[in-house]
Number of protein chains: 2
Amino acid sequence: MQAIRTAMAAMHQRSEAIPPVSPAVESLVRQVIAQVADKWTMLVLEALEEHGTLRFTEVGRIVGGISQKMLTKTLREMERDGLVVRTVHPVIPPHVDYTLTELGRELSAAFCGVWTWAETYYAEVSAARKAFREREEA
Amino acid sequence: MQAIRTAMAAMHQRSEAIPPVSPAVESLVRQVIAQVADKWTMLVLEALEEHGTLRFTEVGRIVGGISQKMLTKTLREMERDGLVVRTVHPVIPPHVDYTLTELGRELSAAFCGVWTWAETYYAEVSAARKAFREREEA
DNA sequence: TGCCATACGCACCAAAAGGAGAGTGTAAGA
DNA sequence: TCTTACACTCTCCTTTTGGTGCGTATGGCA
């Protein structure tokens with residue numbers, strides 16, 4: 001068990017990989033990645049990219065299967081990170097709409113490759129899963 | 001409250017967006033995206049892309065801050081989805097190594113854009129967060 | 001003789017994510 | 001007058017995520 005403790009301690013040390021960038025930047029980039037590499041964020045990004053400015057319920061309808069709670073949370077975090085602009089029209093009933101910022105549009109473009117990958121290879125992923133299942137059943 | 005029930009019911013309907021692709025494909029792509037858009041998956045992908053074949057503990061050390069449990073889980077899911085090959089050398093102490101498949105390398109390339117985005121814009125995200133914090137403190 | 005190394009699996013627990021449902025405020029339409 | 005619309009917020013609850021610590025097999029080294 002001492003062995004494991006040692007291994008774990010080593011794991012929590014700084015990675016010695018990717019020397020060109022500083023550890024501080026590394027850490028920040030990882031933080032940003034972790035926040036942004038989220039299912040709902042990707043879906044909302046897509047919806048806004050495709051449809052331009054949308055209202056709260058419209059985003060929910062287009063994304064599909066998201067609860068109000070998660071929609072609010074996701075949108076707020078995206079606003080906080082500067083990915084969307086939230087515009088409140090002080091009327092009753094309330095009217096709020098969301099638009100991608102330049103930063104958001106850039107991120108959406110960056111994710112484009114992942115969407116394309118998924119569309120291109122989902123059949124292969126399915127096949128790999130099937131093969132894996134059969135292999136472990138045996 | 002009936003209003004909310006109606007809105008929620010509408011939200012859970014199928015999205016009418018993106019007509020070019022079939023709903024079945026849409027759903028599969030979303031599933032794949034949801035699995036793959038994961039912090040640890042992205043980090044492990046990066047590590048393997050940069051260093052080629054790696055052993056279990058090496059992956060852990062390079063990724064940094066991941067527990068053995070999550071590392072095992074992430075690696076298994078990636079194997080299941082056909083992103084990595086797991087090779088067991090039946091010796092004692094055990095020796096297992098992991099290599100990206102072509103599929104994995106393609107995905108890594110697709111994520112490259114997101115990494116670049118994060119590296120390019122993390123300062124702007126930080127600034128946006130700071131501004132947001134100050135705005136809501138007021 | 002006895003300890004170490006590796007890549008896990010398992011059990012237990014805490015924290016976070018996420019869903020369901022109710023409540024809110026008020027102007028305009030039935 | 002009663003309901004509806006919208007964009008939430010709040011509470012309660014379940015599920016998932018993730019961490020910690022333990023056990024394991026055994027050839028080789030001290």
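All values below were derived from every heavy atom in this structure, side-chain atoms included, with hydrogens, water molecules and symmetry-related copies excluded. Here is the naming used below: chain letters follow the sequence lines, and residue numbers restart at 1 for every chain. Worth saying up front: this structure is predicted, and the values here are computed from it rather than measured.
Here Arg55(B) does not reach the OP1 or OP2 of dT6(C): none of its side-chain N or O atoms lies under 4.0 Å away. The side chain of Ser67(A) contributes no N or O atom lying less than 4.0 Å from OP1 or OP2 of dA20(C). Contact between the side-chain N/O atoms of Thr72(B) and the OP1/OP2 oxygens of dA7(C) is not found at any separation under 4.0 Å.
By the 4.5 Å heavy-atom criterion applied to side chains, Arg76(A) and Lys73(A) are not counted as neighbours. Under the 4.5 Å side-chain criterion, counting only non-hydrogen atoms from C-beta, Leu45(A) is in contact with Met78(A).
Per the geometry, CD belonging to Glu58(A) stands 8 Å off P belonging to dA7(D), to the nearest Å. Between Lys39(B) atom NZ and dA16(C) atom P the separation is 13 Å, expressed in whole Å. Regarding Asp97(A), its CG atom lies at a distance of 15 Å from the C1' atom of dC8(D), rounded to whole Å. dT16(D) atom C1' lies 10 Å from atom CE of Met70(B), rounded to whole Å. Taking atom CD1 on Ile66(A) and atom C1' on dG18(C), their separation rounds to 10 Å, with Å as the unit. Between Leu71(B) atom CG and dT6(C) atom P the separation is 14 Å, expressed in whole Å. Taking atom CG of residue Leu75(B) and atom P of nucleotide dG9(C), one finds them 11 Å apart after rounding to whole Å. Between His95(A) atom NE2 and dG25(C) atom P the separation is 22 Å, expressed in whole Å.
Across dA17(C), dA7(C), dT20(D), the shortest atom-to-atom separation from the side chain of Lys69(B) is found for dT20(D). Considering only the side chain of Val96(A), dC8(D) comes nearest among dC8(C), dC8(D), dG19(C). For Phe56(A), the side-chain atoms get nearest to dA7(D) when compared with the rest of dC8(C), dT20(D), dA7(D). Checked against dA22(C), dT20(D), dG18(C), the side chain of Trp40(A) finds its nearest nucleotide in dG18(C). Comparing dC8(D), dG9(C), dA17(C) against the side chain of Tyr98(A) picks out dC8(D) as the nearest. Taking only side-chain atoms of Gln68(B), from C-beta outward, the nucleotide of dA7(D), dG19(C), dC8(C) with the closest atom is dC8(C).
Asp81(A) contributes no side-chain N or O that, together with a main-chain N or O of Leu83(A), makes up a donor-acceptor pair within less than 3.5 Å. With Glu58(A) contributing its side chain and Arg55(A) its backbone, the two residues share a donor-acceptor pair below 3.5 Å.
In the hydrophobic clustering of this structure, Val88(B) groups with Phe56(B); members are Ile, Leu, Val, Met, Phe, Trp, Tyr whose side-chain heavy atoms approach within less than 4.5 Å, directly or through other members.
Side-chain contact check for Thr74(A) and Thr41(A): no donor-acceptor pair (N or O, by modelled atom type) lies under 3.5 Å.
For Thr116(A), the side chain to side chain contact (heavy atoms under 4.5 Å, CB included) criterion is met by Cys112(A), Thr120(A), not counting sequence neighbours. By the side-chain hydrogen bond (donor to acceptor under 3.5 Å, both in side chains) test, Glu102(B) is found to be paired with Arg105(B), residues two or more places apart in sequence or in another chain being considered. Residues forming a side-chain hydrogen bond (donor to acceptor under 3.5 Å, both in side chains) with Thr101(B) (at least two apart in sequence, or on another chain): none. For the side chain to side chain contact (heavy atoms under 4.5 Å, CB included) test, residues two or more places apart in sequence or in another chain that qualify with Lys69(B) are Ser67(B).
Residues from residues 76-93 of chain B with heavy atoms under 4.0 angstrom of DNA chain D, sorted by number: Ile92(B).
One axis for each end of the helix from dT1(C)-dA30(D) to dA30(C)-dT1(D), each built from five base pairs, and the angle between them comes to 20° at 10° resolution.
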